[in-house]
Amino acid sequence: QVRLVESGGGLVQPGGSLRLSCAASGTIFSINTMSWYRQAPGKEREFVAGTSRSGITKYVDSVEGRFTISRDNAKNTVFLQMNHLKPEDTAVYYCNAEIYGSDFPSYDYWGQGTQVTVSS
């Protein structure tokens with residue numbers, strides 16, 4: 001069984017920083033993409049940042065230059081460094097990963113989410 005567990009969320013003032021982490025565990029042969037999504041109350045889930053296994057990254061325009069996604073392939077972990085946080089960043093942040101297990105094809109997995117609140 002594969003599980004994704006997020007951590008690092010919390011309450012921070014505007015302009016502050018947080019670092020989220022997501023660790024994958026279970027029967028894993030390899031992990032392709034790892035991504036972060038977020039969902040604010042009453043809003044649709046939104047793509048935030050993603051990274052390939054080789055380190056290619058992309059971001060939604062609203063976080064470009066403020067957030068940085070990275071990964072530690074040896075530990076099956078992805079991080080999201082969030083700087084210059086704004087109230088509009090407040091949401092539950094979810095980890096997503098495309099994972100190859102004991103056989104092909106790959107499957108899409110989601111974590112339980114971690115709350116990020118930016119408020120003055």
Side-chain angles (χ1 to χ4, degrees):
Q1 307 281 47
V2 175
R3 297 185 66 190
L4 299 178
V5 180
E6 303 100 332
S7 63
L11 175 64
V12 64
Q13 294 189 144
S17 299
L18 286 172
R19 188 178 77 153
L20 307 183
S21 64
C22 171
S25 62
T27 303
I28 299 173
F29 177 75
S30 67
I31 302 177
N32 189 8
T33 58
M34 300 189 82
S35 304
W36 290 95
Y37 290 72
R38 66 187 180 187
Q39 187 168 23
K43 302 291 185 179
E44 297 180 358
R45 187 169 296 187
E46 172 191 35
F47 170 83
V48 177
T51 179
S52 70
R53 183 171 180 83
S54 64
I56 300 173
T57 60
K58 68 176 182 179
Y59 303 88
V60 67
D61 288 345
S62 60
V63 309
E64 184 74 44
R66 298 188 297 119
F67 292 9
T68 302
I69 188 170
S70 61
R71 62 194 290 170
D72 184 338
N73 291 331
K75 296 182 178 180
N76 292 329
T77 301
V78 64
F79 304 93
L80 185 67
Q81 179 66 48
M82 304 185 294
N83 299 325
H84 307 290
L85 283 161
K86 304 176 180 179
E88 65 183 347
D89 296 318
T90 296
V92 177
Y93 284 70
Y94 297 92
C95 178
N96 173 266
E98 180 191 8
I99 298 176
Y100 291 90
S102 60
D103 56 8
F104 297 127
S106 64
Y107 294 91
D108 195 55
Y109 295 91
W110 292 89
Q112 294 296 311
T114 184
Q115 177 70 48
V116 172
T117 302
V118 184
S119 177
S120 59

S.K.: If you measure from CD1 on Ile99 to CZ on Arg3, what distance do you get to the nearest 0.5 Å?
M.R.: 12.5 Å
S.K.: Measure the spacing between CZ of Arg71 and OG1 of Thr33 and express it to the nearest 0.5 Å.
M.R.: 7.5 Å
S.K.: Determine the interplanar angle of the Tyr37 and Phe47 rings, folded into 0 to 90°, and report it as parallel if under 30°, tilted if 30 to 60°, perpendicular if over 60°.
M.R.: perpendicular
S.K.: Could you tell me which non-hydrogen atom of Ala40 sits nearest to which non-hydrogen atom of Ala91, and how far apart they are?
M.R.: N-CB, 3.8 Å
S.K.: Among Thr68, Ile69, Val63, which residue satisfies the side chain to side chain contact (heavy atoms under 4.5 Å, CB included) criterion with Leu80?
M.R.: Ile69
S.K.: Just to verify, what does Arg38 make a salt bridge (Lys or Arg N to Asp or Glu O under 4.0 Å) with, not counting sequence neighbours?
M.R.: Glu46, Asp89
S.K.: Using modelled atom types only, decide if a donor and an acceptor are shared between the side chain of Glu6 and the backbone of Cys95 within a distance under 3.5 Å.
M.R.: yes
S.K.: Flag yes if Val60 and Val78 sit in one hydrophobic cluster, no otherwise; membership is Ile, Leu, Val, Met, Phe, Trp, Tyr, and two members link when side-chain heavy atoms are under 4.5 Å apart.
M.R.: yes
S.K.: Under the side-chain contact (heavy atoms from CB on, under 4.5 Å) rule, what do Ile28 and Val2 come out as? Steps first, then yes or no, please.
M.R.: CA-CA 7 Å; Ile28 299 173; Val2 175; 4.2 Å; yes
S.K.: What side-chain donor-acceptor pairs closer than 3.5 Å can you find for residues 15-25, not counting sequence neighbours?
M.R.:
unit_1 : atom_1 : unit_2 : atom_2 : d
Ser17  : OG     : Asn83  : OD1    : 2.9
Ser21  : OG     : Ser7   : OG     : 2.8

S.K.: Please indicate whether Arg45 has more than 12 foreign heavy atoms, meaning atoms of other residues, nucleotides or ligands, lying under 6.0 Å from its CZ.
M.R.: yes
S.K.: Using the side-chain hydrogen bond (donor to acceptor under 3.5 Å, both in side chains) criterion, which residues pair with Gln115? Sequence neighbours excluded.
M.R.: Thr117
S.K.: Can you pull out every salt bridge (charged side-chain N to carboxylate O under 4.0 Å, His left out) where at least one residue sits in residues 52-61? Sequence neighbours excluded, please.
M.R.: none
S.K.: Between the side chain of Ser120 and the main-chain N/O of Gln13, is any donor-acceptor distance below 3.5 Å?
M.R.: no
S.K.: Can you give each donor-acceptor pair under 3.5 Å made by side-chain atoms of residues 105-113, sequence neighbours left out, with the distance rounded to 0.1 Å?
M.R.:
unit_1 : atom_1 : unit_2 : atom_2 : d
Ser106 : OG     : Glu98  : OE2    : 2.8
Asp108 : OD1    : Asn96  : ND2    : 3.0
Asp108 : OD2    : Asn96  : ND2    : 2.9
Asp108 : OD2    : Trp110 : NE1    : 3.3

S.K.: Decide whether Tyr100 and Leu4 are clustered together by the hydrophobic rule: side chain heavy atoms of Ile, Leu, Val, Met, Phe, Trp, Tyr closer than 4.5 Å, transitively.
M.R.: no
S.K.: Mind checking whether Ile31 and Phe79 sit in one hydrophobic cluster, side chains of I, L, V, M, F, W, Y counted as touching below 4.5 Å?
M.R.: no
S.K.: Same cluster for Val48 and Val12 if Ile/Leu/Val/Met/Phe/Trp/Tyr side chains link at under 4.5 Å?
M.R.: yes
S.K.: Transitively linked via ILVMFWY side-chain contacts under 4.5 Å: Tyr94 with Val118?
M.R.: no
S.K.: With side-chain contact (heavy atoms from CB on, under 4.5 Å) as the criterion, how do Tyr59 and Thr51 come out once you've worked through the C-alpha distance, each side chain's angles and the decisive distance to 0.1 Å?
M.R.: CA-CA 9 Å; Tyr59 303 88; Thr51 179; over 6 Å; no
S.K.: Please enumerate all residues that pass side-chain hydrogen bond (donor to acceptor under 3.5 Å, both in side chains) together with Ser54, with sequence neighbours excluded.
M.R.: Ser52
S.K.: Testing the basics here: between His84 and Arg66, what is the closest heavy-atom pair and its distance to 0.1 Å?
M.R.: O-NH1, 3.0 Å
